[in-house]
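Index from 1, following the sequence. First listed ligand is number 1; within each ligand, the first listed atom is number 1.
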Amino acid sequence: MSAIETGIVPVLEVQCKDCGATITMPAHRFAANCPYCASPSVVDRPVDKGGHRKDQPDFILGFDVTREEATRRVEGWISRSRLFAPSAIKQAKVTGIQGIYLPAWLYGAVARSSYHASIGENYTTTETYTTTDSKGNTQIRTRTVTKTEYRKLTGNHSAYVLDIVVTASCGLGNEELETIEPFDLRAMRRYDAAVVSGWSAEEATLSRDEGFRIGRDEATDKVAAKLKAFMPGDSSTLVDFDTSFSEENTDLVLLPIYVFAARWGDDQTLRILVNGQTGEVQGEVPRSMAKILISVLLALGVIAMIALLIAGASAL
Ligand SMILES: [Zn+2]
């Protein structure tokens with residue numbers, strides 16, 4: 001292992017051969033298993049022959065939740081009842097805990113858009129219609145109907161799009177990170193190696209350019225949603241819009257998370273995440289096919305019973 005001296009805490013740089021995450025960890029915390037995928041194939045980080053500089057973090061969000069508190073929350077989460085989960089999940093045992101700083105790109109910009117929309121305004125009107133009464137006489141009646149009038153609308157809209165988080169981690173994807181978001185980014189500080197000292201930190205795998213591109217794509221989606229919400233009228237269709245971004249920023253931030261590995265049932269594993277700032281716990285719980293089948297059968301039974309009762313009642 002390549003031990004590097006940074007300040008007082010000696011650190012190791014390792015790489016997981018399975019998920020590809022490159023992690024810097026304090027030597028005394030060295031874990032032979034990857035914190036993300038629990039793979040035992042953690043090897044000494046290969047020397048970067050190209051000599052290219054890695055992206056350095058710009059900001060860091062510190063841990064507010066202690067290891068003990070995170071463990072307590074995870075135990076509470078495990079013991080929670082779930083409708084379609086296998087019952088054995090409630091007896092899951094935590095086999096590993098790792099506090100890790102996860103790298104993510106933070107994209108922000110000013111978005112100026114011009115748009116074309118079709119706005120629908122509802123109005124009510126009274127119309128007459130003819131009907132036949134029980135004696136066969138034709139009658140003229142009136143009723144109130146709602147109609148929609150459409151008009152074209154073009155305009156400009158400006159908005160700040162802030163705090164779009166794009167994971168730069170190799171071990172944890174955006175969808176999974178989103179389950180423990182949001183982070184309160186107002187507590188962010190300038191990156192300082194001293195804050196990371198004693199903790200594991202993953203190196204950014206996604207480059208700044210890629211983080212920028214994905215961040216801008218997400219910002220475009222957000223702008224579309226904002227424009228739709230902004231439209232007047234009873235109904236509206238955003239026909240098309242064109243957005244230009246300025247004052248764009250892409251900063252690398254380290255986010256505090258705990259990754260728990262747990263074992264349940266017949267040697268099955270479970271990964272549970274804890275937001276190291278807010279304590280939010282999430283994990284993907286498998287569904288029990290047996291439980292789902294039983295409830296489907298029960299529902300079918302109830303429907304069959306109601307059908308029989310109705311049939312019986314109409315036969316009387
Ligand atoms: Zn891994």
Enquirer: Establish, for the pair Arg143 and Tyr129, whether the NZ or CZ atom is under 6.0 angstrom from the six-membered ring centre and no further than 45 degrees off its axis.
Expert: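 Yes; both conditions hold, so Arg143 lies above the ring face of Tyr129.
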Enquirer: Check for me whether the distance between the ring centres of Phe212 and Trp105 falls short of 6.0 Å.
Expert: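 No; Trp105 has its ring centre 6.0 Å or more from that of Phe212.
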Enquirer: Let's test this: below 2.8 Å, count the protein N/O/S atoms around the Zn ion (ligand 1).
Expert: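 For the Zn ion (ligand 1), protein nitrogen, oxygen or sulfur atoms under 2.8 Å: 4.
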Enquirer: What about Phe241 and His116, are their ring centers closer than 6.0 Å?
Expert: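 No: the rings miss the under 6.0 Å criterion.
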Enquirer: For Arg151, I'd like to know if atom CZ has over 12 heavy atoms of other residues, nucleotides or ligands within 6.0 Å.
Expert: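 It does: Arg151 CZ has more than 12 such atoms within range.
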Enquirer: Is the ring pair Tyr107/Phe245 parallel, tilted or perpendicular, if the boundaries are 30 and 60 degrees?
Expert: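 Perpendicular.
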Enquirer: Closer than 4.0 angstrom, basic N to acidic O: yes or no for Glu284 and Arg271?
Expert: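 Here Glu284 does not pair with Arg271 in a salt bridge, since their nearest N and O are not under 4.0 Å apart.
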